[in-house]
*Asks:* 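Can you read through this structure? Questions will come right after.
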Amino acid sequence: MPEGLPEEGGGGSPPPINAPSPKPNDSAWRDRALRAEARIDDLSKQLDQLRADLNKANTALAESRADADLDRTILTSAAIDTDITRTLIKDAVAKGAKSSAEALKQLQRTKPYLFRTSPPPSSMSPDPPFTGQPQTSLSDLADAARSTNDRRSLLSYLRLKRNS
C-alpha cells in the first residue's frame, strides 16, 4: 500500500474539518493596528484637502456667477464702457452698497455720461417708441392722417399698415 494513505479498516481519526487556525502573536496585531491608524491618518488628510478644494471651487463658482450676473446687468443698462462700469460697481459694492443693482442705479444717477441715451424717435424710425399707452387702430390713424395732413400721422398709419 502506498505510503500516506490510511489503511482500510485501520484506525486513525480523520483530520478535523474546522481546525482552529493558529493564533497570531501580539506583535502581528500591533503592526496591523499601526498600519490601519496610519492609513486612517492619510485618508483624513486627503479628505481635509478635498474639502478645502471643494470650498475653493464653490467660492470660485459663486464669484463667476456673480460676475456673469453683473455683466448681464451692465449690458442691459446700455453702458458705453463696460470695463469701467464694472470696476466702479465693484468698488461701490466693496465700499458698502447693498447690491450691484443698487450700485448701478447710483452710478447711472451720478455719472450718466457712462451710459447711452436712447435716440429721439424720428419720422423714419421703424417702430414708434413704447409709451405705455395702447396702440390706436388702423382706421383711427387713417382718419387722423386725412384730417390733420400731418406727415407724422401719415407715417404712423403707413408703419402700422406695413406691420399688420
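Each residue takes its place number in the sequence, starting with 1. The shown structure was predicted, so the numbers you read here are calculated from the model rather than taken from an experiment.
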*Asks:* Rounded to the nearest 0.5 Å, how far apart are CG of Asp81 and OG1 of Thr87?
*Replies:* 8.5 Å
*Asks:* Test side-chain contact (heavy atoms from CB on, under 4.5 Å) on Leu54 and Leu50; report intermediate values, then the result.
*Replies:* CA-CA 6 Å; Leu54 179 63; Leu50 290 173; over 6 Å; no
*Asks:* Quick one: CD1 on Ile40 to CG on Leu47, what's the gap to the nearest 0.5 Å?
*Replies:* 12.5 Å
*Asks:* Where do Phe115 and Ala79 come nearest, in terms of heavy atoms and distance?
*Replies:*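 Looking at all heavy atoms of both residues, the closest pair is CD2-CA, 3.7 Å.
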*Asks:* Spell out, as yes or no, whether a donor-acceptor pair under 3.5 Å connects the side chain of Ser77 to the backbone of Ile74.
*Replies:*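 Yes: the side chain of Ser77 pairs with the backbone of Ile74.
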*Asks:* Do Thr82 and Asp71 come close enough that some side-chain heavy atom pair is under 4.5 Å?
*Replies:* no
*Asks:* Between Arg72 and Asp69, does any side-chain N to carboxylate O distance fall below 4.0 Å?
*Replies:* yes
*Asks:* Passes side-chain contact (heavy atoms from CB on, under 4.5 Å), Arg162 versus Leu158? Steps please.
*Replies:* CA-CA 6 Å; Arg162 179 187 67 207; Leu158 293 173; over 6 Å; no
*Asks:* Could you check Arg109 against Gln106 for side-chain contact (heavy atoms from CB on, under 4.5 Å), going step by step and ending with a plain yes or no?
*Replies:* CA-CA 5 Å; Arg109 279 192 312 267; Gln106 181 181 2; 3.7 Å; yes
*Asks:* If you apply the rule side-chain contact (heavy atoms from CB on, under 4.5 Å), what do you find for Ile80 with Leu114, and how did you get there?
*Replies:* CA-CA 6 Å; Ile80 294 173; Leu114 290 175; 5.8 Å; no
*Asks:* To the nearest 0.5 Å, what is the distance between CG on Leu34 and CZ on Arg39?
*Replies:*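 One finds 15.5 Å between CG of Leu34 and CZ of Arg39.
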*Asks:* If the threshold is 4.0 Å, N to carboxylate O, is there a salt bridge linking Lys45 and Asp42?
*Replies:* no
*Asks:* So if you build clusters from Ile, Leu, Val, Met, Phe, Trp, Tyr with side-chain heavy-atom gaps below 4.5 Å, do Leu70 and Ile84 land together?
*Replies:*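 Yes: a chain of side-chain contacts under 4.5 Å links Leu70 to Ile84.
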*Asks:* With a 4.0 Å cut-off, would you call Lys90 and Asp67 a salt bridge?
*Replies:*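 Salt bridge between Lys90 and Asp67, a charged N being under 4.0 Å from a carboxylate O: yes.
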*Asks:* With rounding to the nearest 0.5 angstrom, report the CZ to CD distance, Arg32 to Glu37.
*Replies:*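 That separation rounds to 13.0 Å.
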*Asks:* Atom OH of Tyr157 and atom CZ of Arg146: how far apart are they, to the nearest 0.5 Å?
*Replies:* 7.5 Å
*Asks:* Quick one: closest heavy-atom pair of Ala103 and Val93, and the distance?
*Replies:*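 That closest heavy-atom pairing would be CB-CG2, 4.3 Å.
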*Asks:* I need the Lys111 NZ to Leu88 CG distance, nearest 0.5 Å.
*Replies:*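 If we round to the nearest 0.5 Å, Lys111:NZ and Leu88:CG are 5.0 Å apart.
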